[in-house]
Structures are given as structure tokens and as C-alpha cells.
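First comes the structure, then the notes that go with it.
Every number for a ligand or one of its atoms is a count from 1 in the order of the listing. Just so it is clear, the model here is predicted, and its values are computed rather than measured.
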Amino acid sequence: MKIGFIGVGNMGGALARAVSKTGDGEVLLYDKSEERAEALAAEIGGVSSPLATLVREADFIFLGVKPNILPFVLRDISPLLLGRPSYTLVSMAAGVAIRQIEEALGFGAPVIRIMPNTPVAYGSGVILYTPSENVAPASVDAFRSMLREAGMLDAIDERLMDAASAISGCGPAFAFMFVEALADGGVAAGLPRDRAQTYAAAMLAGAAKTVLESGMHPAELKDAVCSPGGSTIEGVVTLENGGFRGTVSDAVLASFEKTKKLGKK
Ligand SMILES: NC(=O)c1ccc[n+]([C@@H]2O[C@H](COP(=O)([O-])OP(=O)(O)OC[C@H]3O[C@@H](n4cnc5c(N)ncnc54)[C@H](OP(=O)(O)O)[C@@H]3O)[C@@H](O)[C@H]2O)c1
């Protein structure tokens with residue numbers, strides 16, 4: 001099997017790294033920047049490939065360009081795909097529906113639309129996916145297998161993709177900001193920066209695991225660690241006074257609204 005990537009920036013590169021770990025196929029890489037494709041190929045044991053070769057040979061073609069560039073890439077690869085008996089396109093473009101991809105190609109191609117996030121590079125990503133009706137069940141199985149080192153995979157109705165993307169795709173940036181802010185507080189309290197950052201990130205990973213594995217409501221977990229008159233509740237009240245939860249929810253909604261617009265450009 002050959003697995004191709006068109007556009008190997010932040011997200012395409014992270015997915016190519018994850019796929020290369022499984023050894024499910026030869027990884028072909030194409031990017032507008034040949035140097036970027038070659039550097040990644042050297043890092044992960046893949047092959048930097050001309051676009052036409054990749055499109056003619058790859059069984060899976062991951063589309064890793066920005067949503068505004070995607071229509072141009074689809075227009076370029078459409079004639080190369082027309083004569084091919086079997087292949088699957090995998091689009092990670094935020095806000096771009098399967099229907100729009102098929103319209104840009106000019107035919108009903110097998111497309112898996114995904115919403116990944118950059119932690120896939122470390123095996124802790126979230127990948128939400130929707131296969132089009134043209135994708136064979138065996139191709140979905142192969143797709144899931146090649147990404148088994150990337151993190152969690154979850155099939156989702158395409159209508160929910162933009163909402164999910166506002167949490168799983170945009171959320172890492174919010175979480176990175178939270179880690180940075182926690183570390184700033186730790187430094188202000190006297191901790192060395194590297195320790196403060198490590199403790200903040202490890203704490204966040206542990207708290208996330210607790211939510212996922214306990215099945216408990218986050219509010220219940222919060223209450224359990226707030227002793228009456230204690231230090232934790234002081235911090236919780238300070239966050240509430242600063243509008244923490246409302247601001248975070250608004251950030252997700254703002255990202256959702258922006259994502260919906262991306263595909264319409
Ligand atoms: N970043 C995320 O966290 C994230 C999360 C979920 C989904 N996504 C989706 O992933 C896609 C890529 O986003 P990104 O953040 O990875 O962007 P990025 O870092 O800018 O990567 C895009 C890559 O594609 C290259 N490129 C541009 N035009 C090209 C063309 N015509 N043919 C081949 N390569 C081309 C770019 O080169 P130049 O830099 O030289 O232009 C760059 O290397 C987007 O559709 C985005 O919606 C991203």
C-alpha cells in the first residue's frame with residue numbers, strides 16, 4: 001500500500017509522522033516546498049514525490065493544504081484521478097464539506113473527511129472522521145489501521161464536524177495557553193520555569209485522563225478537590241470572577257463560527 005500526503009505542514013506533517021509509525025505502507029510526500037517534503041521524508045523514512053506520481057500511485061491521498069488552497073489542488077489532481085480504479089482521498093480541511101470536494105473534482109470520489117489535531121504526532125491526538133458513501137468498508141478499516149498510532153479515532157456525522165473541530169482541532173491552542181498561564185503563575189510563586197511548565201502540562205494530562213476514565217462529571221471532580229476554606233476553592237472563585245468558563249465556551253463558539261466560514265471562501 002502507498003499512502004500519499006499533499007501538503008506536509010503542521011497537520012499533514014503530524015499525520016504523516018503518525019502513519020509512518022505503523023509501517024502500514026510506503027509514505028509518499030509532496031509539498032509546494034520540496035525542501036519541506038524532503039526533510040520530512042528523511043525524518044520518517046518516507047519518499048519525497050512529484051505530485052503526479054503521488055496522485056497516480058497512492059492508495060490513500062491525504063490533502064493537507066489550507067482550505068483556501070484546496071480547490072486549486074483538487075482541480076489539478078482531478079484529471080489524474082479520473083482513470084484510477086481505486087483510491088481514497090482523505091481531507092483534513094477545516095470547514096470543507098465532502099460535497100464541496102466532490103464538486104471541485106467534478107465527480108463523486110471516495111472521500112474520508114477528517115478533523116485531526118496536532119497531538120497525533122505524539123500518539124495522543126483526536127481524529128474525527130466521516131466517510132463518503134463511495135468509500136468501501138475495507139478502506140475505512142485500512143484508514144483506521146494506518147492511524148492506530150495517532151490517538152483516538154471516532155466516526156462522526158458530518159453535520160457535527162465543524163462543532164467537534166472547534167474543540168478537538170482548535171482546542172489544543174487553548175490548552176497550550178492554559179499551560180503557559182499556569183506556568184506563569186508557578187513562576188510568579190517562585191518555581192523555576194521548566195519545572196512549572198512540566199508540572200502544568202502533566203497535571204492537565206492527568207486531569208484529562210481522570211475525566212475520560214472516571215466517567216464522572218467535571219463539576220463533581222472539581223468539587224471533590226475543593227476542601228471547605230481551602231486553597232483550591234480560592235483559585236476556583238478567582239477563575240469564576242475572571243469569567244473563565246464563559247470565556248472558554250465563547251472561544252469554542254467563535255472558532256465554530258469561523259470554521260463554518262472557512263469552507264465558504
Ligand atoms: N493546524 C492544525 O491544528 C489543524 C487542525 C485540524 C485541521 N487542520 C487542517 O489541516 C490543513 C493544513 O493546515 P496546517 O495548519 O497544517 O497548514 P500549514 O502548516 O500551512 O501546511 C500546509 C502546507 O501545504 C503547503 N502548500 C501550500 N500550497 C500547496 C500546494 N498547492 N500543493 C502542495 N502543498 C502546498 C504549504 O506550503 P507553504 O507554507 O509554502 O505555503 C504548507 O507546507 C488545513 O486544511 C487545516 O484546516 C489543521
Side-chain angles (χ1 to χ4, degrees), residues 4-19 27-44 46-55 58 60-81 89-98 100-101 104-105 111-122 124-130 147 150-154 156 158 160-177 251-252 254-265:
F5 288 83
I6 300 175
V8 292
N10 289 318
M11 200 62 252
L15 284 166
R17 285 184 181 87
V19 166
V27 177
L28 308 181
L29 306 165
Y30 170 78
D31 195 282
K32 196 176 84 183
S33 156
E34 200 176 335
E35 282 163 25
R36 194 171 300 142
E38 280 173 0
L40 185 61
E43 179 194 325
I44 66 176
V47 178
S48 170
S49 163
L51 179 64
T53 309
L54 185 156
V55 175
F60 285 83
I61 302 170
F62 284 75
L63 302 163
V65 297
K66 292 281 189 195
N68 61 323
I69 306 289
L70 187 60
F72 302 105
V73 170
L74 292 170
R75 186 199 57 198
D76 290 348
I77 69 174
S78 170
L80 299 166
L81 291 172
L89 295 176
V90 182
S91 169
M92 64 193 79
V96 182
I98 291 172
Q100 292 171 279
I101 292 170
L105 286 169
V111 180
I112 301 178
R113 179 179 171 192
I114 66 172
M115 182 39 61
N117 61 14
T118 49
V120 298
Y122 302 94
S124 295
V126 176
I127 302 177
L128 309 168
Y129 68 92
T130 308
L147 287 164
M152 173 188 147
L153 281 152
D154 197 40
I156 187 171
E158 192 181 16
L160 297 176
M161 192 66 95
D162 291 345
S165 132
I167 294 181
S168 69
C170 306
F174 311 157
F176 297 143
M177 286 174 73
V252 173
S255 292
F256 172 58
E257 293 301 333
K258 180 71 182 184
T259 300
K260 285 195 289 184
K261 287 183 194 144
L262 287 179
K264 297 198 176 87
K265 271 189 187 166

Can I get a per-line list of side-chain donor-acceptor pairs under 3.5 Å for residues 31-43, giving both atom names and the distance, sequence neighbours left out?
| from | atom 1 | to | atom 2 | distance (Å) |
| --- | --- | --- | --- | --- |
| Asp31 | OD1 | Ser33 | N | 2.8 |
| Asp31 | OD2 | Val8 | N | 2.7 |
| Ser33 | OG | Arg36 | N | 3.0 |
| Glu43 | OE1 | Arg17 | NH2 | 3.1 |
| Glu43 | OE2 | Arg17 | NE | 2.7 |

May I have every N or O pair linking ligand 1 to the protein at under 3.5 Å, one per line with atom names and distance?
| from | atom 1 | to | atom 2 | distance (Å) |
| --- | --- | --- | --- | --- |
| ligand 1 | 15 (O) | Lys66 | NZ | 3.3 |
| ligand 1 | 16 (O) | Asn10 | N | 3.2 |
| ligand 1 | 16 (O) | Met11 | N | 2.7 |
| ligand 1 | 17 (O) | Lys66 | NZ | 3.4 |
| ligand 1 | 19 (O) | Asn10 | N | 2.9 |
| ligand 1 | 19 (O) | Asn10 | ND2 | 3.3 |
| ligand 1 | 34 (N) | Lys32 | N | 3.1 |
| ligand 1 | 37 (O) | Asp31 | OD1 | 3.4 |
| ligand 1 | 37 (O) | Arg36 | NH1 | 3.1 |
| ligand 1 | 39 (O) | Arg36 | NH1 | 3.2 |
| ligand 1 | 41 (O) | Lys32 | NZ | 3.1 |
| ligand 1 | 43 (O) | Asp31 | OD1 | 3.2 |
| ligand 1 | 43 (O) | Asp31 | OD2 | 2.7 |
| ligand 1 | 43 (O) | Arg36 | NH1 | 2.3 |
| ligand 1 | 45 (O) | Val65 | O | 2.7 |
| ligand 1 | 47 (O) | Ala94 | N | 2.9 |

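When the ring-ring contact (aromatic ring centres under 6.0 Å, His included) test is applied to Tyr129, the partners found at least two apart in sequence or on another chain are Phe143. Residues satisfying the side chain to side chain contact (heavy atoms under 4.5 Å, CB included) criterion with Ala18, sequence neighbours excluded, are Ala150.
The main-chain N or O of Ala166 is never found under 3.5 Å from a side-chain atom of Ser255 such that the two would form a donor-acceptor pair. Of the possible polar contacts, one joining the Asn117 side chain to the Ser168 backbone as a donor-acceptor pair under 3.5 Å is found.
The minimum heavy-atom distance linking Ile167 with Pro172 is given by the pair O-CD, 4.0 Å.
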